[in-house]
Amino acid sequence: MTDRYEPHAIEPKWRARWEETKLYAANDDDPRPKWYALTMFPYPSGDLHTGHWYAIAPSDVAARYRRMLGYNVMFPMGFDSFGLPAENAAIKRNIDPKAWTYQNIDRMRGQLRLMGASFDWDREVVTSDPSYYKWTQWWFLQFYKNKLAYQAESLANWCPGCQTVLANEQVLDGRCERSDDVVERRMMRQWFFKITAYADELLRYDGIEWPERIKTMQRNWIGRSEGAQLNFRVDVPAIEVPLTVFTTRPDTIYGATFMVLAPEHPLVGRITTPAQQADVDAYVVATGRATEIDRLSTEREKTGVFTGAFAFNPFNGERVPIWIADYVLATYGTGAVMAVPAHDQRDFEFATKFRLPIVPAYDHPQIDVSKPLVAAFPHGGRMINSGEFTGIQESEAVGKVVAYAEANGIGRGAVTYRLRDWSVSRQRFWGAPLPFIHCAKCGTQPVPDSDLPVVLPENVDFVPTGQSPLTLLEDWVRVACPNCGSEARRETDTLDTFMCSSWYQMRYADPKNPERPFSSEAAKKWFPVDQYTGGAEHAVMHLLYTRFFWKAARDMGLVEGDEPMKRLVNQGVILGPDGNRMSKSRGNVVAPDDQVEKWGADAFRCQLMFVGPWDQGGPYNPTGMSGIVRWLNRVWYLVEEPVRRAKLPDAEETRSLRRTTHKTILAATDEIENFRFNTYISRLMEHSTALQKARDAGPVDREAWDEGVRTMILLTAPLAPHLAEELWSRIGGSYSVHIQTWPTADGALAHDAEVELVIQVNGKVRDHVLLPAGSSEAEAWAAVMALPRLQEYLSGREPRRVIYVPDKLLNIVV
RNA sequence: GCCGAAGUGGCGGAAUGGCAGACGCGGCGGUCUCAAACACCGCUAGGCUAAAACCUGUGUGGGUUCGAAUCCCACCUUCGGCACCA
């Protein structure tokens, strides 16, 4: 009696068995080599969507593959559960954010289980649990004690929609990456992490295998520029300290005809002359009102105002006017530039508009520099108008100018980064409270480690005020100063959730430790992550922060090695069937629960991987599902349908069957090793077709057939874990298929005895000939010359040249 | 504007210097069936053909090579990143 393949009968059964037997638990005492497989944990929004499946299911396939290779695999899962949506739900629907979050976690945990992924649920971490955020707070104090965390008053990115400050990384094109609101600038006191201290090291990726794309994005974000700082004496009697600029082109110093300060530059108020005061004030106010978007637009015409003050060019002593303009950014370099209109297009536009002098510091082979320029030219030939430097080639100029500046105390070589310190304080409730107490006498005091965690209070009023709702909780805020004992107030800002996710992979190694974030034994056992998978959208946020965090932890002596994740693979974005991003408004959302209900988890997993290369993403094709279902059925019937098997004498049919099996092992292993799941599946499809054909031509050799089927099941196990487990038990395999050894190919068996040689004439395919593998050129030539059709093509012409690629082709050039 | 990736049948895609279109969807034809399919078998780039042979064909134009989807140059298009960062 043949059973049908019914996923709904077998999937829940095996999932229950796996959990009962703790099949996927990673054991700290297991002596086998460890493999730490990690996939980015989700935010508990309340519903697992196809994007989660697309990211996680293939990560599970890779983890299962490693397990079958014999590694002691840790593949944990958890929830990144602090964050704004919970609080917004609280405001909108009057639900406790904690209750909302934990309901969602329960639901999503169930949805994740449906996937049949091999998570070790005993290691689950939930970042909003006090047992977790106690250590997030502890980390913050460590950073503080190591002078990597500090408070400062500065211009912050304020999202009016989210009612909180954002890190620079969370601002995309002047808008909030979450809510899309236009970000405003506000002077605020905030907490920062000194990520810039690691800027140089973050540019290096030694010993790790990360996608070029991510490395490029991080390098762009860090934005290292080499140049020099030059000091200009200001021609205002009260100003003793020189005005310092950063430039990447110190060699153009003789072309610096004016200076420009950012409107927020601290010197502006002190150098502006009474005559210019009104204009300057008006301009500063107007700039403050402009959004970041307006300010950064390159299309906009340059604006600016003269301060009335002058400074002296330290090289030629020229007295140059000091202007302010919003094209100079207060937060980059020194917030002041020397303007060289002849060689910088921005300065050129500004000079043209305000009729400021333009003096070239270089000549140029195609440009007559004695005539007025029509545009700036960044690079030229030899220095001109440059005093003792005149005549020097551009390639040598920077070095000589900087050396002179250093020798004469008017400047020095310098490096500037685009990267700025990471703003980590948020004016919201649903996050880890910053563990600090503000005392009128003692100043800001860290909460003692023994008082951690600083627990979030319950029963809070959620009114968006621009301050954390915590400020309204007088009982919670009022506290004794840990230093002097007098009445003090708690810090009411909470931590950016990216802080929680910067170290979650460490906690998985020792998730229940009440004494420490993790034991050093656990760290030695499991760190670093061997394989990390997740979306590229985190390139300059989570993926940058977690590297910084790790390096800081290393310097505190808490972890070893320079990088947290050895190998990173990014999946692409799965799109709706219409090729657009899935969205409710488009009506193209594919709900995973529905797909599982309809086809089973195994089929849905396979279809997601089969639609195309994982790293490219692309449209999901629900109609194509029938192909996957057919294939899974075909695999099923390889086991379930009767087969005429016998011990056969050595025959080509048997050799061919075994060849197919061993070739499949070789090819498929290479595909799965490199995350090419679509072609991995096609290899398995080809193998099942070959098995079917052999069976239908039957009888088949018993051993060769059993080997073929066993291999089929083993190779299918990572993809369709439930189906494979069921079939494995049906052929009498011991529990579980998922801890069996990955099949190894016998190279000799995989080898073809005969090959079809392609015959080309002048590079065009004209014929084929069957030859024993490994034939020499002479043997091939003899076989080819015997082909009657070939003589027609040659039509008596003499071969001029013959190219022979053994076992592949023979090309005759006439 | 700068940097990067990509462009292949009706569709998703395969092939990274050696037979273009693997594998799958869809379509067409057939088998089993009273009938059907999430079953099974066959065909399926275009042109010219009774069929083959043959010719054309991987965004466009050129080049390198015995041989190019693959390498090089220029251009077009799409996507991603950066962008008044001195």
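Throughout, protein chains are lettered first and strands after them, A, B, ... in sequence-line order, and every chain is numbered starting at 1. Just the heavy atoms: all of them, side chains too, but no hydrogens, waters or symmetry mates, feed the values below.
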Consider the side chain of A:R766, meaning its heavy atoms from C-beta on, and name the nucleotide among B:C54, B:G18, B:C82 that approaches it most closely. B:C54
ring-ring contact (aromatic ring centres under 6.0 Å, His included) with A:Y620: which of A:F610, A:W53, A:Y54, A:F604? A:F604
Give none if B:G17 has no partner; otherwise give the nucleotide forming a Watson-Crick or G-U wobble pair with it, both distances under 3.5 Å. none
According to a strict under-4.0 Å criterion, is A:S225 in side-chain N/O contact with OP1 or OP2 of B:A86? yes
Distance check: side-chain N/O of A:R801 vs OP1/OP2 of B:C66, anything under 4.0 Å? yes
Phosphate OP1/OP2 of B:C82 contacted by A:R219 side-chain N/O (<4.0 Å): no
Using whole Å, report how far CD of A:Q595 lies from C1' of B:C38. 14 Å
Hey, does A:R224 reach any base, or is it just sugar-phosphate, or nothing, if we go heavy atoms under 4.0 Å? nothing
Check: A:E212 side chain, B:G4 base, donor-acceptor under 3.5 Å: no
Rounded interatomic separation in angstrom, taking CG from A:D670 and C1' from B:A15: 14 Å
Could A:K302 and A:F350 be counted as a cation-pi pair, given that NZ or CZ must be under 6.0 Å from the ring centre and within 45° of the axis? no
When all nucleic acid strands are considered with a 4.0 Å heavy-atom cut-off, which category describes A:V337: base, sugar-phosphate, or nothing? base
Using whole Å, report how far OH of A:Y327 lies from P of B:C84. 13 Å
If we only count heavy atoms from C-beta on, is the A:R634 to A:T689 side-chain gap below 4.5 Å? yes
Scan A:N811 against the nucleic acid and name what it touches under 4.0 Å (heavy atoms): base, sugar-phosphate only, or nothing. base
Is there a side-chain polar atom (N or O) of A:T689 under 4.0 Å from OP1 or OP2 of B:A22? no
Atom CG of A:N570 and atom C1' of B:G81 are separated, to the nearest Å, by 13 Å
Distance check needed: B:G24 P versus A:N633 CG, whole Å only. 14 Å
What is the distance, rounded to the nearest whole Å, between atom CG of A:N678 and atom C1' of B:G12? 10 Å
For B:A74, which nucleotide in any strand shown is its Watson-Crick or wobble partner with both distances under 3.5 Å? B:U60
A:T679 versus A:E671, side-chain donor and acceptor atoms under 3.5 Å: yes
Taking the side chain as every heavy atom from C-beta outward, state whether A:T711 and A:T664 have any atom pair closer than 4.5 Å. no
Partner of A:Q607 under side chain to side chain contact (heavy atoms under 4.5 Å, CB included), chosen from A:I681, A:V629, A:N621: A:N621
Want to settle it: does A:K693 or A:G624 sit nearer the 5' end of RNA chain B, counting the closest nucleotide to each? A:G624
Which part of the nucleic acid, if any, lies within contact of A:Q345, taking any heavy atom under 4.0 Å across all strands shown: a base, the sugar-phosphate backbone alone, or nothing? nothing
Assign A:R630 to base, sugar-phosphate, or nothing according to its heavy-atom contacts below 4.0 angstrom with the strands shown. sugar-phosphate
Between B:C23, B:A86, B:G26, which nucleotide has the shortest distance from any of its atoms to the side chain of A:S626? B:G26
Searching all strands shown, indicate the nucleotide that pairs with B:C40 (Watson-Crick or G-U wobble; both distances under 3.5 Å). B:G30
Within the 4.0 Å heavy-atom criterion, would you say A:R634 contacts the bases, only the backbone, or no part of the nucleic acid? sugar-phosphate
Just checking A:E686: base, sugar-phosphate only, or nothing, at a heavy-atom cut-off of under 4.0 Å? sugar-phosphate
How long is the line joining CD of A:Q616 and P of B:U78, in whole Å? 19 Å
Only pairs with both distances under 3.5 Å count, Watson-Crick or wobble alike; so what is the partner of B:A22 in this structure? none
Dump the intermediate steps for salt bridge (Lys or Arg N to Asp or Glu O under 4.0 Å) on A:R249 and A:E394, then the final yes or no. CA-CA 10 Å; A:R249 296 297 304 280; A:E394 188 182 322; 3.7 Å; yes
Kindly label the base of B:G9 as syn or anti, based on whether its glycosidic torsion lies within 90° of 0. syn
A:G627 or A:T216: which one's nearest nucleotide on RNA chain B is closer to the 5' end? A:T216
When the distance from CZ of A:R683 to C1' of B:A14 is rounded to whole Å, what number comes out? 9 Å
So what's B:G67 paired with, Watson-Crick or G-U wobble, going by both distances under 3.5 Å? none
Under 4.0 Å, heavy atoms only, any strand: does A:V611 hit a base, just the sugar-phosphate, or nothing? sugar-phosphate
Pairing partner (Watson-Crick or G-U wobble, both distances under 3.5 angstrom) of B:C2: B:G81
Closest to the A:T679 side chain, choosing from B:C23, B:A22, B:A86: B:A22
Around A:R219, counting heavy atoms of other residues, nucleotides and ligands shown, do more than 12 lie under 6.0 Å from its CZ? yes
Does any donor-acceptor pair link the side chain of A:K302 with the base of B:C84 at a separation under 3.5 Å? yes
